[in-house]
Every structure is written in structure tokens, then in C-alpha cells.
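Just so you know, these numbers use all the heavy atoms, side chains as well, and skip hydrogens, waters and symmetry mates.
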Amino acid sequence: MHSASLPIISKNKIITRVICFFWLVAKAISWKVWLADRIFPVTPPFNFLFVPSSIHLTLFILSLSAIFFLLLFPSNRRLQGSVIILEILSCLLDQNRWQPWEYQYIFIILALLINYKNEKNAASTISFILIAIYFFSGISKMNPAFSQFVRQKIILSEIFKPDDSWLSQWLLFHTGYLLGLIETLLSIGLLFKRSTRISGVFLIIMHLIILIVFGPWGMNYDRIIWPWNIAMIFIVYVYFIKDPTFLFSFPPMWKGGNNLILLAFGALPILNFFGYWDFFLSSSLFSSKTPDIYICIRNPENCKALQPFISHYKRTSICDSNSALIDVREWSFKEIQIPAYPEIRVYKNIQAQLIKRYPGMNATFIMYQYINGRKELIER
């Protein structure tokens with residue numbers, strides 16, 4: 001027998017509070033990315049959005065305040081609108097803030113605001129956002145780059161040690177594809193009444209595994225995803241396991257502003273497979289398809305501020321023996337606690353700012369892009 005069901009309005013209030021709490025945790029972890037007084041370059045999409053650091057600080061304080069008060073008053077439409085506006089303004093000042101969890105939280109609050117007169121539509125729209133995230137996240141993982149990542153970074157790490165049997169070796173090679181396929185199938189399972197709960201249970205198990213693997217008990221890596229995965233567990237439980245009577249339906253859910261959410265999570269991510277939409281905005285999560293950038297510095301003494309971020313291991317395939325290496329992804333994790341926004345235009349923005357800031361460092365910027373199943377050198 002299932003426990004007593006929650007009214008839809010109560011579910012929406014619970015999830016609003018959950019999101020706001022873990023949003024604040026994520027902002028606390030990544031506080032430096034929301035400010036401009038840092039070494040890692042600020043990368044707005046347009047040059048006219050380079051603004052004084054005081055504006056970044058003001059928006060950050062206002063954002064934290066609005067999210068905190070929305071945590072206390074989850075149904076307040078003015079607070080919902082304020083959070084959305086403040087987050088958009090802040091994100092416009094630096095593309096590195098366009099993180100998947102930030103994007104998702106903004107749209108969940110938007111769904112609540114748009115559908116304030118119909119709580120069931122709000123819950124249905126939020127459930128669609130989750131289904132779309134899992135679907136595109138799963139599909140994006142079905143590639144050789146992700147399979148190699150799983151094989152080398154997880155299975156062959158200290159966490160798992162496969163033996164030499166035929167089955168172990170087969171799983172070793174195909175685990176990445178299987179994980180992507182499973183996530184995709186579970187997202188589809190959320191659509192149907194008979195499979196909603198069981199799919200939700202397995203998705204929660206998936207999040208728990210992610211927390212174990214990437215958490216302090218495992219790789220102790222990418223701390224910013226820890227609160228996000230915990231928040232996702234709560235959302236899945238409330239909407240898909242705890243009396244999922246609403247299920248999501250297209251009519252009348254897709255009316256008015258809901259079409260924007262349908263476009264953002266249901267249509268635009270398709271363009272990513274053709275190179276026309278950003279990875280992080282397409283739920284391409286840990287797909288290993290995102291581009292990378294490395295900096296080979298021949299005169300590191302001319303950019304002393306960057307020296308704490310120089311890699312202390314040799315990568316002769318990237319830099320020559322006379323150059324110091326900075327892996328920009330590692331740098332961003334070390335300083336601002338999030339991955340640098342993985343798009344070539346952002347990397348070129350970072351390159352231009354570093355060349356201007358440190359003209360004597362004599363650096364080569366090397367970018368790799370995922371092309372035809374593997375990373376290819378695209379610029380050097």
C-alpha cells in the first residue's frame with residue numbers, strides 16, 4: 001500500500017524549496033564564478049557586457065537573497081520572477097555560469113511562474129524537463145569517447161578492477177554505450193504509468209552511484225555536481241515515485257510560455273548533434289564530446305599569476321618539453337570549482353584575454369573537438 005498522496009501544490013512547494021536549497025549550496029561551492037575578481041577570465045557573449053566587478057558582486061548578493069527568500073516563500077510569484085531575472089542578468093555577464101544545473105533550475109522556476117494558475121501543469125512541465133534531460137543525456141553518452149572515459153577513468157581506476165574474462169572485457173569496452181542506453185530507456189519509462197515508478201527508482205540508484213563514484217568516497221571530483229544529484233533524487237521521488245498520478249500530458253500543458261520550455265528542452269538539444277546548439281544547454285552531461293583547450297606556455301615567468309594552475313605532469317603529446325602546460329578544465333575546477341563552459345567561442349575568448357593580459361608568456365593554445373567519434377585537433 002502506498003503512503004498518502006500529496007496534493008500537487010504541496011509537491012511543487014517541496015520541490016521549489018529543494019531546488020532553492022541546493023541552488024544556494026551550488027552557489028556557495030562555486031562562489032568565485034559569480035564574481036569578476038579572479039584570475040580565470042570572465043567570458044560574456046558580447047564585449048559590451050564587460051562590466052565593473054561591483055555589478056557582478058551586486059547581482060550575486062541579490063541572487064542569493066532572492067533564492068533564500070523563495071526558499072521561505074515558495075509560491076511567491078514576485079520572488080520567482082526576481083530569481084529568474086537576476087539569474088539571467090548574472091549569466092549574461094559570463095558564459096561560464098551557463099552550467100546545466102543553473103539552466104535547469106531557472107527553467108523549473110519559470111515553469112512554476114508560468115503555470116501559477118494550474119499547479120498540475122507546472123508539475124507536468126517540470127516532469128517533462130527531467131524526462132528530456134535524462135533522454136538527451138543518455139543519447140549523448142552513446143559514443144566511443146564516453147565509453148573510453150568510463151573504461152579508463154572509472155572501471156580501470158581503484159574503484160573497479162575487472163578480470164581478464166571474456167565477459168569482463170566485453171563489458172569493459174561497451175559499458176559506456178550501455179550506460180547511455182539505460183539512461184535513455186529509463187527516461188522513456190517515465191512517460192508510461194506502468195513503468196514510471198520503477199524507472200524513477202533506477203534513476204535514483206543511478207544518482208546514488210554517481211555520488212559514490214564522484215563523491216569524497218570515490219574519485220572526489222567535480223564537487224559542483226554533488227548537490228545537483230541530490231536535488232535530482234528529491235525531484236524524481238516527489239514527481240515520479242510518490243504517487244505519480246499527474247503524469248505529463250501535452251494538451252493543455254503546451255500553451256503560452258510552456259512552448260518556450262518545450263523548445264529549450266525538447267527541440268533545441270537536437271541541434272547539438274549537428275553542432276548548432278551548446279553542449280551544456282543540450283543536457284550533454286559527461287558525454288566526453290565537449291571540446292577541450294590546453295595552453296602551452298614557453299615563458300611562464302612572464303605570467304606568474306597562472307603558475308599555480310600549471311600541470312605538474314608531463315603531456316608531451318600536447319606540449320613540447322620546453323613548455324609548461326595548463327589544462328583549462330583543470331584550472332577552472334581548481335579556481336572556480338566548475339568546468340569551463342565547453343564551447344570553442346568561449347575558449348577563443350579566454351585565449352584573447354590571456355594574450356592581452358600576459359603578452360610576454362609566448363603561449364600556444366591547442367583546442368580539440370569531438371569529430372566522428374573521437375577528439376580531433378582543430379586549432380594550434
Side-chain angles (χ1 to χ4, degrees), residues 14-31 33 71 99-105 108 126-127 129-138 140-141 146-162 171 175-187 189-190 197-242 279-280 283-288 290 329-330 332-334 336-339 342:
I14 290 171
I15 292 308
T16 302
R17 288 193 165 110
V18 166
I19 288 172
C20 288
F21 176 80
F22 288 106
W23 206 343
L24 291 172
V25 172
K27 292 235 177 185
I29 293 173
S30 63
W31 64 271
V33 76
L71 171 67
Q99 298 294 307
W101 47 271
E102 172 78 3
Y103 188 66
Q104 176 188 344
Y105 293 164
I108 287 179
I126 294 169
S127 70
I129 290 174
L130 259 68
I131 292 168
I133 288 173
Y134 289 127
F135 180 79
F136 285 108
S137 175
S140 68
K141 290 182 177 70
F146 176 71
S147 188
Q148 183 179 14
F149 168 79
V150 172
R151 182 166 67 248
Q152 294 183 348
K153 300 294 184 180
I154 299 178
I155 297 180
L156 296 182
S157 71
E158 294 299 319
I159 300 175
F160 301 103
K161 295 182 179 179
L171 290 173
T175 296
Y177 292 95
L178 290 173
L179 291 176
L181 178 61
I182 290 170
E183 187 174 359
T184 303
L185 293 176
L186 290 176
S187 72
L190 294 176
R197 279 197 175 93
I198 188 64
S199 294
V201 169
F202 278 107
L203 285 168
I204 287 177
I205 292 172
M206 180 190 77
H207 287 295
L208 291 173
I209 292 173
I210 291 172
L211 288 168
I212 292 171
V213 171
F214 290 94
W217 311 277
M219 298 169 65
N220 195 25
Y221 178 74
D222 201 356
R223 290 192 303 156
I224 199 65
I225 70 168
W226 302 353
W228 185 24
N229 276 271
I230 298 173
M232 292 291 275
I233 289 173
F234 278 100
I235 300 171
V236 169
Y237 175 76
V238 169
Y239 284 140
F240 296 107
I241 297 177
K242 178 72 173 178
F279 288 98
F280 276 6
S283 302
S284 185
L285 311 175
F286 280 94
S287 66
S288 301
T290 54
R329 169 177 276 269
E330 290 181 0
S332 66
F333 273 124
K334 189 171 183 178
I336 58 178
Q337 300 299 317
I338 61 170

K.L.:
Below 3.5 Å, can you tabulate the donor-acceptor pairs from side chains in residues 20-28 to any protein atom, sequence neighbours excluded?
P.N.:
unit_1 : atom_1 : unit_2 : atom_2 : d
W23    : NE1    : E102   : OE1    : 2.9
K27    : NZ     : S63    : OG     : 3.0
K27    : NZ     : E87    : OE1    : 2.7
K27    : NZ     : E87    : OE2    : 3.0

K.L.:
Evaluate the side-chain proximity of Y134 to L203: yes if any heavy-atom separation is below 4.5 Å, no if none is.
P.N.:
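Yes; the side chains approach each other to less than 4.5 Å.
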
K.L.:
Considering residues, nucleotides and ligands other than F202, do more than 12 of their heavy atoms fall under 6.0 Å from its CZ?
P.N.:
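Incorrect, the count does not exceed 12.
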
K.L.:
Looking at residues at least two apart in the chain, or sitting in another chain, which of them share a side-chain contact (heavy atoms from CB on, under 4.5 Å) with P342?
P.N.:
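Applying side-chain contact (heavy atoms from CB on, under 4.5 Å) to P342 gives F280, T290, P291, Y347.
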
K.L.:
Are the side chain of K141 and the backbone N or O of L178 linked by a donor-acceptor pair below 3.5 Å?
P.N.:
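No, K141 side chain to L178 backbone: no donor-acceptor pair under 3.5 Å.
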
K.L.:
Say whether, by atom type as modelled, one donor and one acceptor occur between the side chain of W226 and the main chain of F214 under 3.5 angstrom.
P.N.:
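It does hold such a pair.
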
K.L.:
Quick one, I210 and I225 - any side-chain contact, counting heavy atoms below 4.5 Å?
P.N.:
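They are in side-chain contact.
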
K.L.:
I19 vs I235, test: side chain to side chain contact (heavy atoms under 4.5 Å, CB included). Steps then yes/no.
P.N.:
CA-CA 9 Å; I19 288 172; I235 300 171; 4.2 Å; yes

K.L.:
Going through the checks in order, is the side chain to side chain contact (heavy atoms under 4.5 Å, CB included) test met by I241 and I204?
P.N.:
CA-CA 10 Å; I241 297 177; I204 287 177; 3.4 Å; yes

K.L.:
Step by step, work out the side chain to side chain contact (heavy atoms under 4.5 Å, CB included) result for I224 and Q337.
P.N.:
CA-CA 7 Å; I224 199 65; Q337 300 299 317; 5.7 Å; no

K.L.:
Run the numbers on V18 and V238 for side chain to side chain contact (heavy atoms under 4.5 Å, CB included), then give the verdict.
P.N.:
CA-CA 11 Å; V18 166; V238 169; over 6 Å; no

K.L.:
I'd like to check the side-chain contact (heavy atoms from CB on, under 4.5 Å) partners of I182; sequence neighbours left out, ordered by chain and number.
P.N.:
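I182: side-chain contact (heavy atoms from CB on, under 4.5 Å) contacts with L186.
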
K.L.:
To the nearest 0.5 Å, what is the distance between CD1 (I133) and CD (E183)?
P.N.:
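Nearest 0.5 Å value for the CD1-CD distance: 10.0 Å.
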
K.L.:
Side chains of Q104 and W228: any donor to acceptor distance under 3.5 Å?
P.N.:
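Present: a donor and an acceptor within the cut-off.
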
